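Quick caveat, the model's predicted, so the values are computed rather than measured. Keep in mind that the numbers below use all heavy atoms, side chains included, and drop hydrogens, waters and symmetry copies. As the structure lists them, so they are numbered: ligands from 1, and atoms in each ligand from 1.
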Amino acid sequence: MKIKQIELIEIKMPLVHFFETSFGRTYERRIILARVETADGAEGWGECTAGETPSYCEEWTESCWTVLTEILSPMLVHREFESAAHVWDLMKKIRGNRMAKATLETAVWDLEAKQLNVPLWKHLGGVNAEIDCGVSIGIQDSVEQLFEKIQTELDAGYKRIKIKIAPHWDYEVIEKVRKRFGDIPLMGDANSAYSLADVDLFKRMDEFNLMMFEQPLAHDDVFDHAKLQREIKTPVCLDESIHSAEDARKAIELGACKIINVKLGRVGGHSEAKRVEQTARENSIPVWCGGMLESGIGRAHNIAMSTLQGFTLPGDVSASKRYWAEDIIEPSVEITANGTIIAPKKAGIGFDVKRDRIDRLAVRREEIKN
Ligand code: OSB
Ligand code: MG
């Protein structure tokens with residue numbers, strides 16, 4: 001396979017509701033999209049999941065734009081490679097920058113599946129044609145607002161509720177949610193807002209029977225997470241700390257987590273995500289698909305990945321309308337009354353890309369042909 005040309009487009013899209021985590025609020029996304037094209041006109045789409053600031057991780061929209069346009073795209077165009085599974089190797093000399101790499105890598109997977117005329121999820125080795133969906137609800141201005149949001153999502157049929165937690169928004173909030181909604185499948189995501197000094201708080205929160213605490217401690221830690229996990233009953237799930245199958249192996253061996261959140265961008269694309277899934281599965285560690293407030297293109301890639309065997313817990317993959325007034329794909333992502341998404345039957349990511357809408361939202365564009 002050979003990529004003749006890569007088009008990078010940055011779009012700006014306001015979120016329907018702001019999204020607040022322990023590191024701040026997002027009102028509007030700046031999303032880089034990649035379109036890869038072969039000489040015979042076949043194309044594939046990928047999305048960069050980096051945020052607007054280097055808060056969730058070191059990568060952000062601006063760093064990814066530079067790395068994609070100046071370094072990674074020139075490494076990929078006109079190079080002969082065997083298959084999408086080998087794109088990772090072409091970029092091996094570049095350290096880190098996994099979200100930037102995933103943008104191109106996932107686009108090539110879409111292209112390859114389209115060339116083979118199979119849905120991407122099948123091409124990746126997915127086995128579940130229907131995936132379980134949960135939602136991630138950010139920190140709100142009041143508990144009342146949180147209640148309203150939870151009620152809306154439960155009514156929609158979502159199979160688990162994740163709320164963001166932070167030192168000003170934890171024990172009392174979870175206690176109120178449990179009182180109001182009873183025994184719903186509930187979990188908390190701290191985005192690294194705590195330290196081992198908070199072990200007693202986590203011990204007290206064991207009483208809430210949460211499905212898991214996601215990334216309670218530092219983004220670059222596994223050692224202290226292992227210490228915490230030894231002290232509490234609630235499973236620890238790692239998000240920020242896991243960038244590769246090797247990271248997963250070490251975290252599991254150390255006892256740092258009982259569950260892993262897999263994000264395509266954070267691990268560098270489908271090939272590495274498959275390896276993380278395999279490592280976890282071989283160690284009986286369940287995984288689920290995390291979200292990064294993606295547009296429809298990233299969302300479609302998340303759906304495909306979620307069909308792999310080891311994805312046994314509901315992911316943060318939810319309907320387009322929770323984020324966007326109008327998505328950039330057609331149809332938009334919808335969930336069934338049972339809180340599931342049916343994997344698409346069409347080739348590649350399985351959704352049509354609305355090129356005219358992307359062009360209207362575009363704030364910059366670059367073509368790499370060499
Ligand atoms: O930690 O999972 C996270 C959004 C941005 C950055 C980090 C995270 C999140 C989410 C949102 O939880 C998941 C989604 O609905 O896309
Ligand atoms: Mg998280």
Side-chain angles (χ1 to χ4, degrees), residues 13 15-31 47-61 64 98-99 102 131-140 146 149-150 152-153 156 158-166 169 186-194 210-221 225 235-243 257 259-267 287-303 305-306 313-324 327 333 335 339 341:
M13 270 211 292
L15 288 163
V16 171
H17 300 287
F18 69 80
F19 190 83
E20 182 172 331
T21 65
S22 60
F23 41 71
R25 263 186 198 186
T26 308
Y27 292 90
E28 186 175 55
R29 296 290 335 275
R30 288 176 61 191
I31 298 173
E47 171 169 342
C48 181
T49 64
E52 292 67 38
T53 56
S55 315
Y56 167 82
C57 77
E58 294 87 342
E59 291 183 271
W60 61 300
T61 312
C64 287
R98 287 174 185 262
M99 288 180 169
I131 63 162
D132 289 339
C133 305
V135 289
S136 175
I137 303 179
I139 294 167
Q140 306 296 314
L146 179 64
K149 286 233 148 66
I150 294 176
T152 302
E153 307 303 3
Y158 286 102
K159 288 180 181 288
R160 71 101 169 98
I161 303 290
K162 154 168 148 184
I163 63 169
K164 292 288 185 181
I165 56 171
W169 187 265
L186 183 68
M187 59 174 286
D189 183 359
N191 288 112
S192 302
Y194 299 90
L210 298 183
M211 296 169 77
M212 67 196 89
F213 288 118
E214 182 178 343
Q215 198 71 33
L217 309 180
H219 71 98
D220 55 355
D221 167 79
H225 278 98
V236 169
C237 168
L238 290 178
D239 172 355
E240 282 91 326
S241 299
I242 305 295
H243 302 99
C257 64
I259 299 169
I260 292 174
N261 164 333
V262 185
K263 287 181 181 167
L264 274 172
R266 198 190 66 230
V267 304
V287 303
W288 53 276
C289 175
M292 291 294 289
L293 313 175
E294 286 93 343
S295 81
I297 291 173
R299 210 161 284 282
H301 279 285
N302 285 345
I303 294 169
M305 179 181 75
S306 302
L313 291 169
D316 281 345
V317 189
S318 57
S320 301
K321 68 171 184 202
R322 295 190 61 247
Y323 308 83
W324 318 114
D327 207 336
V333 175
I335 66 152
I341 291 173

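- Proximity of V135 to ligand 1, defined as any heavy-atom pair under 4.0 Å, is not found for any part of the residue.
- Around atom 3 (C) of ligand 1, the closest heavy atom drawn from M292, R299, K263, Q215 belongs to K263.
- Atom 16 (O) of ligand 1 has as its closest protein heavy atom L293 N, 2.9 Å.
- Atom SG in C48 sits 10.5 Å away from atom CD in E294 (nearest 0.5 Å).
- One finds no salt bridge joining D316 and R299 here, because no Lys/Arg side-chain nitrogen approaches an Asp/Glu carboxylate oxygen to under 4.0 Å.
- Proximity of T21 to ligand 1 is not established, as no heavy-atom distance is less than 4.0 Å.
- At a heavy-atom distance under 4.0 Å, no atom of T26 approaches ligand 1.
- S318 and Y323 share a donor-acceptor pair across their side chains, judged by distance under 3.5 Å alone.
- In this structure, atom 14 (C) of ligand 1 lies nearest to the protein heavy atom Y323 OH, 3.3 Å.
- One finds the CE atom of M99 at 4.0 Å from the SG atom of C57 (value rounded to the nearest 0.5 Å).
- Between N261 and W288 the shortest side-chain heavy-atom distance falls below 4.5 Å.
- Distances below 4.0 Å separate heavy atoms of D239 from the following atoms of ligand 1: 1 (O), 2 (O), 3 (C).
- Among all non-hydrogen protein atoms, the one lying nearest atom 4 (C) of ligand 1 is F19 CE2, 3.7 Å.
- Contacts between N191 and ligand 1 below 4.0 angstrom, taking non-hydrogen atoms only, involve the side chain exclusively.
- Taken from CG in D132 to CD1 in I335, the straight-line distance is 10.5 Å, to the nearest 0.5 Å.
- Ligand 1 has no N or O atom lying under 3.5 Å from any N or O atom of Y56, backbone or side chain.
- When K149, R25, K164 are each tested for a salt bridge (charged side-chain N to carboxylate O under 4.0 Å, His left out) with E20, only one passes: R25.
- Looking at K164 against ligand 1, only its side chain comes within 4.0 Å, counting heavy atoms.
- Protein atoms of type N, O or S found under 2.8 Å from the Mg ion (ligand 2) total 3.
- L238 contributes atom CG, which lies 5.5 Å from atom CD of Q215 (distance to the nearest 0.5 angstrom).
- Considering all non-hydrogen atoms of both residues, S22 and A190 come closest at OG-O, 3.0 Å.
- Atom 13 (C) of ligand 1 has as its closest protein heavy atom G291 O, 3.4 Å.
- Among all heavy-atom pairs drawn from P314 and C133, the shortest one is CB-C, 3.9 Å.
- Neither the backbone nor the side chain of E240 comes within 4.0 Å of ligand 1, counting heavy atoms alone.
- Taking every heavy atom of both residues into account, D327 and S320 meet most closely at OD2-OG, 2.7 Å.
- Taking CG of L217 as the reference point, atom CD of E240 lies at 11.0 Å (rounded to 0.5 Å).
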